[in-house]
Amino acid sequence: MIELRDVVVAYDSRVILDSINLTVEDGETLVILGGSGSGKSTLLRLLIGLQRPTSGQIIVDGVDITTISEDEFNTVRQKMGMVFQYSALFDSMSVGENVAFGLRQHTDKKDDEINGIVSERLDWVGLRGYESYMPNELSGGMKKRVSLARAIALDPTLILYDEPSSGLDPITSGTISMLIRGMQERLDCTSIVVTHDMQSAFYVADRIALLDKGKFIEISPTEEFKHSSNPKVQQFINGAAEPIHIVARRDV
Ligand SMILES: Nc1ncnc2c1ncn2[C@@H]1O[C@H](COP(=O)(O)OP(=O)(O)OP(=O)(O)O)[C@@H](O)[C@H]1O
Ligand SMILES: [Mg+2]
């Protein structure tokens, strides 16, 4: 479904992604790990077309998205849903309007149908009946769930999650992990999840990739990843989770 070929992102002379290669299969859930500033969000932004690479190719469903026009990208983007690192809800819109946003922009569905989809998606994320709430009336975990409901409104075949559980308590994080798996089953989609939360990574991932100094230093199935002999992988699994989690708490 997705293929990255020699993708480079550089700001002036600072290379963030250094000729990376990656293939993500249809229906797979890939977790991307990496230290703060390693380029994880950048990678997701490339996939959803918020940013173009400095060089290299990105193929999504057979289309090279690095060369298409913004108009053509809009068509590809409708197959993608993204849960942003900071939820990124529209603060001046109600929960229902946030979830309906893409449906109004990209479809000519009538209000009744849109309202039906909105309430169904809110129900899927455990927020049935919350349509009229404003984002500032919600907790961090609820905002993430609204963000997920919005991301799945258009039945995406690819869902991108940028630190969906950052800043959440372990129980709420667990709920989000279960939702990620639930979406996978309901929509039969491909998912890419950026996280610092190892428990969540192990729960949702088919494969795990570790980004370090601009390169993937390990990409392997979850069980293999856990037992990798790469010292950086073990260091990440055992050592990195706690301090990074504390930093990530500022996100909410
Ligand atoms: N517009 C920009 N101009 C210059 N540098 C940038 C720009 N956007 C991102 N960067 C740099 O690219 C690097 C990767 O940023 P990115 O947000 O992808 O990291 P990340 O892995 O998502 O980190 P975190 O875990 O903290 O969210 C950082 O060092 C950042 O400073
Ligand atoms: Mg990030």
Side-chain angles (χ1 to χ4, degrees), residues 2 4-22 24 29-56 58 60 65-66 70 73 77 80-89 140-141 143-144 147-148 150-151 158-168 170 172-173 176-177 180 191-202 204-205 207-219 225 230 232-233 235-252:
I2 299 167
L4 278 76
R5 295 185 194 146
D6 300 321
V7 169
V8 174
V9 172
Y11 298 105
D12 300 321
S13 58
R14 261 183 77 217
V15 178
I16 307 297
L17 298 177
D18 186 5
S19 198
I20 60 168
N21 290 287
L22 175 70
V24 186
T29 299
L30 176 78
V31 164
I32 297 179
L33 301 173
S36 192
S38 60
K40 307 178 300 297
S41 295
T42 302
L43 184 60
L44 297 187
R45 281 201 301 272
L46 292 176
L47 291 172
I48 203 160
L50 292 175
Q51 185 173 344
R52 303 234 173 185
T54 310
S55 62
I58 302 171
V60 177
I65 60 168
T66 54
E70 192 51 31
F73 211 121
R77 205 177 274 132
M80 303 177 176
M82 176 140 174
V83 179
F84 288 93
Q85 189 163 358
Y86 304 102
S87 295
L89 298 177
K143 282 185 195 169
K144 293 267 174 167
S147 184
L148 176 54
R150 184 177 62 183
L158 172 65
I159 311 182
L160 308 173
Y161 298 88
D162 199 351
E163 301 199 23
S165 54
S166 73
L168 304 178
T172 314
S173 291
I176 299 281
S177 301
I180 293 174
S191 310
I192 301 182
V193 185
V194 164
T195 187
H196 287 304
D197 178 344
M198 296 309 304
Q199 214 178 338
S200 169
F202 292 150
V204 302
R207 283 191 305 155
I208 304 181
L210 177 60
L211 199 53
D212 182 65
K213 298 197 176 73
K215 304 256 191 206
F216 283 118
I217 58 165
E218 173 104 14
I219 304 179
F225 188 91
N230 187 325
K232 284 199 168 157
V233 172
Q235 196 183 3
F236 205 88
I237 292 175
N238 299 313
E242 192 52 21
I244 287 174
H245 195 70
I246 291 166
V247 171
R249 283 194 169 274
R250 288 195 317 237
D251 294 353
V252 169

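Counting starts at 1 for both ligands and their atoms, in listed order.
Of all protein heavy atoms, the one closest to atom 18 (O) of ligand 1 is Thr42 OG1, 2.5 Å. Of the protein's non-hydrogen atoms, the one nearest atom 1 (N) of ligand 1 is Tyr11 CE2, 3.7 Å. For atom 29 (O) of ligand 1, the closest heavy atom belonging to the protein is Arg14 NH2, 2.7 Å. Scanning all protein heavy atoms for the shortest distance to atom 25 (O) of ligand 1 gives Lys40 NZ, 2.7 Å. The closest protein non-hydrogen atom to atom 12 (O) of ligand 1 is Ile16 CD1, 3.3 Å. Regarding atom 26 (O) of ligand 1, its nearest protein heavy-atom neighbour is Ser36 OG, 2.5 Å. The shortest contact between atom 17 (O) of ligand 1 and any protein heavy atom is with Ser41 CB, 3.7 Å.
Shown in contact with Gln85 at under 4.0 Å from a heavy atom are these atoms of ligand 1, numbered in order with element: 27 (O). Within ligand 1, the atoms closer than 4.0 Å to a non-hydrogen atom of Gly35 are 21 (O), numbered from 1 in the order shown. Each of the atoms 19 (O), 21 (O) of ligand 1 lies under 4.0 Å from some heavy atom of Ser38. The ligand atoms of ligand 1 that sit less than 4.0 angstrom from a heavy atom of Glu163 are 24 (P), 25 (O), 27 (O). Under a 4.0 Å criterion applied to the non-hydrogen atoms of His196, ligand 1 contributes the atoms 25 (O).
Between the Lys215 side chain and the Ser19 main chain, no donor and acceptor come within less than 3.5 Å of each other. In this structure, the side chain of Thr54 engages the main chain of Ala10 through a donor-acceptor pair within 3.5 Å.
Checking Thr42 against the Mg ion (ligand 2), every N/O/S atom stays at or beyond the 2.8 Å cut-off. Note on Ser36: not counted as a metal contact of the Mg ion (ligand 2), no N/O/S atom lying under 2.8 Å.
Side chains of Met80 and Ile159 form no contact here, defined as non-hydrogen atoms less than 4.5 Å apart. For the pair Phe73/Ile65, a side-chain contact is recorded, criterion being any heavy-atom separation below 4.5 Å from C-beta on.
With sequence neighbours excluded, the residues that form a side-chain contact (heavy atoms from CB on, under 4.5 Å) with Gln199 are Asp197.
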Verdict with reasoning, Gln85 to Ser41, per side chain to side chain donor-acceptor pair (under 3.5 Å)
CA-CA 8 Å; Gln85 189 163 358; Ser41 295; 3.0 Å; yes
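Using a cut-off of 4.0 Å between Lys/Arg side-chain N and Asp/Glu carboxylate O, Arg77 and Glu70 are scored as salt-bridged.
The shortest separation from a heavy atom of Gly34 to ligand 1 is not under 4.0 Å, leaving the residue out of contact.
Checking each of Leu43, Leu46, Asp6 against Ile20 for a side chain to side chain contact (heavy atoms under 4.5 Å, CB included) leaves exactly one that passes, namely Leu43. Leu33 pairs with exactly one of Leu211, Val194, Ile237, Thr195 by the side chain to side chain contact (heavy atoms under 4.5 Å, CB included) rule, that one being Thr195. For the side chain to side chain contact (heavy atoms under 4.5 Å, CB included) test with Ile192, the passing option among Val24, Thr29, Asp162 is Val24; the others fail.
Looking at ligand 1, you'll find an N or O of Gly37 within less than 3.5 Å of one of its N or O atoms.
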